[in-house]
Amino acid sequence: MDFRNAYAHGFARVAACTLPVTMADPARNAAATIEQVRALHEDGVAVALFPELGLSGYAIDDLFMQDVLLEEVDKAIVAVAEATAKLTPIVVVGAPLLIGNRLYNCAVVIQGGEVIGVAPKSYLPNYREFYEKRWFAPGDDAVDTLVNRPHWPGADEDGDIAYGTDLLFEATDVPGLVVHVEICEDMWVPVPPSHRAALAGATVLLNLSASPITVGRADDRHLLARSASARCNAAYLYAAASEGESSTDLSWDGMTMVYEMGDLLGESERFPNGPQATVVDVDLDRLRQERIRQGSFDDNRRVEGIGEPGGESFRVVAFELDPPTGDIGLRRKVDRFPFVPDDEARLAQDCYEAYNIQVSGLEQRLRAIGQPKIVIGVSGGLDSTHALIVAAKAMDRLGRPRTDIIGFTMPGFATSDGTKSNAIHLMESLGITFETLDIKPTATQMLKDLGHPAGEGKEVYDVTFENVQAGLRTDYLFRAANQRGGIVLGTGDLSELALGWCTYGVGDQMSHYGVNTGVPKTLMQHLIRWVVSSGQFEGEGHGGESVNDTLTEILDQEISPELVPTRKGEKIQSTEASVGPYSLQDFTLYHVLRRGYRPSKIAFLAQHAWSDKATGDWPAGYPEGDRAAYDLATIRHWLEVFVKRYFNNQFKRSALPNGPKVVSGGTMSPRGDWRMPSDVSSAAWLAEIERNVPKA
C-alpha cells in the first residue's frame with residue numbers, strides 16, 4: 001500500500017470551481033477553464049466542476065440561438081478536450097448544445113482528452129427572473145441516448161457520444177468514484193435527478209449552477225446541498241456563476257461548496273475577484289460504508305424500481321483516472337476527537353443533549369420499576385462523578401429527595417487521599433446519603449483465603465489482586481441495594497467497554513442500569529465541564545464546599561483505577577499507560593464502530609489528526625497542558641493494542657446491562673449498534689496493520 005497517499009485510503013480529491021466569464025466569448029472561457037484545470041491537475045484533483053453554461057455565459061439571452069455562438073461553443077468544447085488530454089481530472093463544463101431541432105442546457109463531461117458524455121438539464125425554471133424555456137428544451141424527456149459529434153474527441157466510429165440524464169461516470173481505478181451530473185434547477189425540484197442517480201450507485205453528485213444571487217439565497221443553496229448529500233449518502237458539489245455575467249437585472253456571487261453526508265467540507269469566498277475553487281478530499285469509503293449500514297437506502301432503490309426489471313435504468317460510462325501517487329496531503333479536516341465537536345456552540349449543544357439523554361433514561365427506568373433508591377459507588381474519578389450528577393438531576397426532576405441516592409466510597413489498597421476527599425466532598429455538597437466502607441480488611445481476607453501472597457502482606461500486585469478489590473466493591477453495592485431497596489447504578493463508560501477495561505461479572509462491568517455506557521471517555525470531561533458552566537448545580541453545596549468547586553477539582557485528576565499501591569515518589573497507576581491514550585483509542589473506536597474502516601486507514605487519519613498539536617482545532621476548554629501529539633510509531637502501537645483488546649473483550653459487552661445510547665458514533669450494546677461473537681479472531685485486522693502501516 002502507498003500508505004501516505006490519500007487515494008490509497010478511499011479518498012478522491014474534488015474541486016467545485018468558478019471563474020470570471022466573458023459573455024458570448026467561448027474561446028476566452030475555454031482558455032480560462034483550461035488554465036484552471038491545469039492547476040487542479042497539479043493539485044491531484046480527480047473531479048473538476050464548473051458553472052452552468054460556463055463556456056458561453058448564462059445571462060446572454062437570445063444570443064443562445066445565434067449560429068456564431070453555437071459554433072464557437074462547439075470549438076471551445078474541442079479545445080478543452082484536447083488541452084486536457086494529459087491531465088488527470090474529469091472536467092465538467094456547461095454549454096448550450098443544438099440536438100435535433102432544439103437547444104439544450106448541457107453539462108459536457110471530459111476526461112483524458114475525450115468527451116465521454118453529455119447530460120442535459122432536466123428542469124428549466126421559467127418563473128420570476130428566469131426565462132429558460134424561451135431558449136431551451138427540458139432534458140428530462142429527451143428521447144435521444146446519443147449525441148452525434150464526429151469531430152469531438154471521444155466520439156465512437158459512428159460519431160456518437162453518450163447523452164442523457166441517466167449517465168453515471170465511473171472511475172475504474174478509484175473504487176467508489178461514481179459521478180452524476182445535474183444542473184441548477186434540478187436540485188430545487190421535489191425529486192431531483194441526483195437522488196435517483198444516487199440510488200443507482202452515484203456517490204459524487206455535481207451541480208453546475210448559474211444562480212443569480214439575492215438576499216438569503218445562499219442559505220437556501222446550503223440547505224438543499226446539505227440535505228441532498230445527507231439523504232443520498234453522497235458528496236454534493238455545487239458551483240455558481242461569478243463575475244462577468246450580465247448585471248442588467250441580476251448579480252452573481254460565484255458560490256462554490258462541497259458537502260459530504262451533511263457535512264460541509266469546504267466553500268469558497270463569495271463575490272470573488274478572479275477564479276476560485278473549493279478543493280477537498282471526499283471520503284468514498286464513508287459513503288460506501290454508510291450505504292451498507294442503511295439498508296433502507298437500497299430498499300428505496302428497489303421500491304422506486306431503479307435497476308429493477310421494467311424500471312428505470314442508468315448507463316455507466318467507465319473511465320480510467322490514473323490518480324496521483326505518493327503523499328499529496330489530505331484536504332479535509334480530521335477531528336482529533338470525533339465524539340467531541342471543536343465548535344464551542346455545537347459542543348455545548350451536544351453536552352446538553354447527552355446529559356439530558358442520560359437523565360431522562362434514568363428517570364424512565366426508575367419510574368418503570370417502582371421508584372427504587374439508587375445505590376452508587378463514588379470513587380472521585382470522572383465516570384462515577386458524572387453518573388452521580390446525572391442521578392442527582394434525575395431525582396430533582398422526579399420530585400424525589402436526593403437522600404434517596406445512597407453513595408458509597410470504598411477505599412482500597414491504593415486509594416489516594418485526593419480522590420477519597422473529592423468523593424466525600426461531592427456527596428456532601430450534593431446532599432445525598434453516603435457512607436465510607438473500607439474494603440481492605442475483606443479484600444485481605446479474601447486474598448488470604450485464596451492463598452495469594454498479598455494476603456500475607458507481600459507486594460504481589462497481579463490481576464487477582466486488582467480484581468479482588470473491584471469485585472468486592474460491586475458485591476457490596478449489590479448487597480446494599482438488596483438491603484436498602486435500591487438499584488446499582490453503573491458508572492463505566494463506552495471507551496472502557498470497547499477496551500475491556502472493566503472487571504467482568506461481579507465487577508464494574510455489571511449493574512442494574514448503566515447511565516454512562518453510551519458516553520466515550522473523551523466526552524466525559526466536557527460533560528462535567530458543561531454541567532459546571534451551564535449552572536446545573538449553581539449555588540448548591542453543603543459542608544462549605546460547592547458542587548461546582550468539587551467538580552472542577554475532579555477534572556484535574558489523572559485517570560487511574562487506583563488498585564495498585566505506589567511507594568512515595570512513584571507515579572500512581574495510570575489507566576492510559578495500560579490501554580493507551582483515550583484520545584487515540586476513542587479516535588479508533590469511532591472509526592471502527594461508526595465507519596467500519598480498516599486499521600491502515602484509521603492510522604492514516606490519526607497521523608493527520610495527531611501528528612502536530614499546534615495544527616488544527618481543539619475543543620473549547622481543552623486544557624493547554626493536556627494537548628499532545630503522536631508519531632506514526634506510537635499510533636501504530638496503540639492501534640494494535642486496541643484491536644487485541646477490542647476482540648478479546650467482546651464477552652464483556654455481550655452481557656452488557658441496559659443503558660441509553662448517547663452519541664451518534666454508536667454504542668457497545670448487543671441490543672443496539674454492536675453485535676459480534678465473543679470468540680472471533682482479530683488475526684485479519686492485525687495482519688492488515690502489519691502489511692499496510694509503516695512502523696515509523
Side-chain angles (χ1 to χ4, degrees), residues 377 379-384 408-416 419-420 437-479 488 490-511 514 516-517 521 558-567 570-582 585 589 637-638 640-657 668 678-682 686:
S379 68
L382 285 178
D383 291 349
S384 65
F408 286 90
T409 182
M410 293 175 279
F413 297 118
T415 302
S416 67
T419 55
K420 180 181 176 182
L437 201 165
D438 188 345
I439 66 167
K440 292 192 291 294
T442 308
T444 300
Q445 184 62 52
M446 180 176 284
L447 289 165
K448 188 179 294 185
D449 292 344
L450 290 170
H452 193 282
E456 303 297 333
K458 296 181 179 179
E459 295 183 2
V460 178
Y461 303 139
D462 57 9
V463 67
T464 304
F465 178 83
E466 293 188 37
N467 281 350
V468 160
Q469 297 171 77
L472 277 173
R473 285 174 174 140
T474 303
D475 201 356
Y476 274 124
L477 291 176
F478 271 96
R479 302 297 74 80
V488 176
T491 62
D493 63 52
L494 180 69
S495 309
E496 292 175 339
L497 288 167
L499 294 164
W501 193 247
C502 53
T503 302
Y504 182 73
V506 185
D508 53 328
Q509 177 262 351
M510 187 51 61
S511 65
N516 285 344
T517 55
K521 185 75 78 176
E558 180 170 356
I559 301 170
S560 172
E562 292 194 332
L563 295 171
V564 176
T566 55
R567 297 184 181 90
E570 290 181 341
K571 191 174 181 181
I572 66 169
Q573 183 185 14
S574 169
T575 296
E576 292 181 301
S578 297
V579 301
Y582 276 114
Q585 302 301 46
L589 173 61
H637 168 71
W638 290 119
E640 287 182 324
V641 170
F642 179 94
V643 170
K644 291 173 184 176
R645 296 193 67 95
Y646 194 78
F647 277 81
N648 292 345
N649 288 282
Q650 174 60 28
F651 71 98
K652 297 179 182 179
R653 303 188 290 266
S654 295
L656 189 64
M668 293 276 90
S678 297
D679 50 4
V680 71
S681 170
S682 61
L686 293 171

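Asn516 places a side-chain N or O within 3.5 Å of a backbone atom of Thr491 that can act as its donor or acceptor partner. Using modelled atom types, no side-chain atom of Gln469 and backbone atom of Gly412 make a donor-acceptor pair closer than 3.5 Å. Between the side chain of Arg473 and the main chain of Met410, a donor-acceptor pair closer than 3.5 Å is present. When atom types are taken as modelled, the side chain of Glu466 and the backbone of Thr503 share no donor-acceptor pair closer than 3.5 angstrom. With hydrogens and angles disregarded, a donor-acceptor distance shorter than 3.5 Å links the side chain of Lys652 to the backbone of Cys502. Gln445 places no side-chain N or O within donor-acceptor distance of the main-chain N or O of Pro441, the cut-off being under 3.5 Å.
Taken from NZ in Lys440 to CZ in Phe413, the straight-line distance is 7.5 Å, to the nearest 0.5 Å. From Met668, atom CE reaches atom CG of Leu656 across 9.0 Å, with rounding to the nearest 0.5 Å. Rounding to the nearest 0.5 Å gives a distance of 13.5 Å between CG of Asn649 and NZ of Lys644. Taking CG of Asp462 as the reference point, atom NE2 of His452 lies at 3.5 Å (rounded to 0.5 Å). Atom CD of Gln585 is separated from atom OG1 of Thr575 by 12.5 Å, given to the nearest 0.5 angstrom. Considering OH of Tyr504 and CG of Asn467, their distance stands at 13.5 Å, rounded to 0.5 Å.
Between Ser578 and Trp501, the shortest heavy-atom distance links the atoms CB-CH2, 3.8 Å. The shortest non-hydrogen separation linking Gly377 to Ser384 is O-CB, 3.4 Å. Listed here is the closest heavy atom pair of Met510 and Pro657: SD-CG, 3.8 Å. Closest approach of Asp493 to Asp383, counting heavy atoms only: OD2-OD2, 2.6 Å. Among all heavy-atom pairs drawn from Leu472 and Ile439, the shortest one is CD1-O, 4.3 Å. The minimum heavy-atom distance between Leu477 and Val488, with the atom names listed, is O-CG2, 3.5 Å.
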Applying side chain to side chain contact (heavy atoms under 4.5 Å, CB included), run through Thr409 and Thr415 and close with a yes or a no.
CA-CA 10 Å; Thr409 182; Thr415 302; 5.9 Å; no
Could you please spell out the steps behind the ring pair (Phe, Tyr, Trp, His ring centres under 6.0 Å) verdict for Tyr476 and Phe408?
CA-CA 9 Å; Tyr476 274 124; Phe408 286 90; 8.3 Å; no
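Side-chain contact check for Tyr461 versus Gln573: every heavy-atom pair is 4.5 Å or farther apart. Residues Leu447 and Phe465 are in side-chain contact: their nearest non-hydrogen atoms beyond the backbone lie under 4.5 Å apart. Looking only at side-chain heavy atoms (C-beta outward), Ser682 and Tyr646 stay at 4.5 Å or farther from each other. Considering only heavy atoms from C-beta on, Lys521 stays 4.5 Å or farther from Glu576 through its side chain. Put simply, the side chain of Val579 reaches to within 4.5 Å of the side chain of Arg645, judged on heavy atoms.
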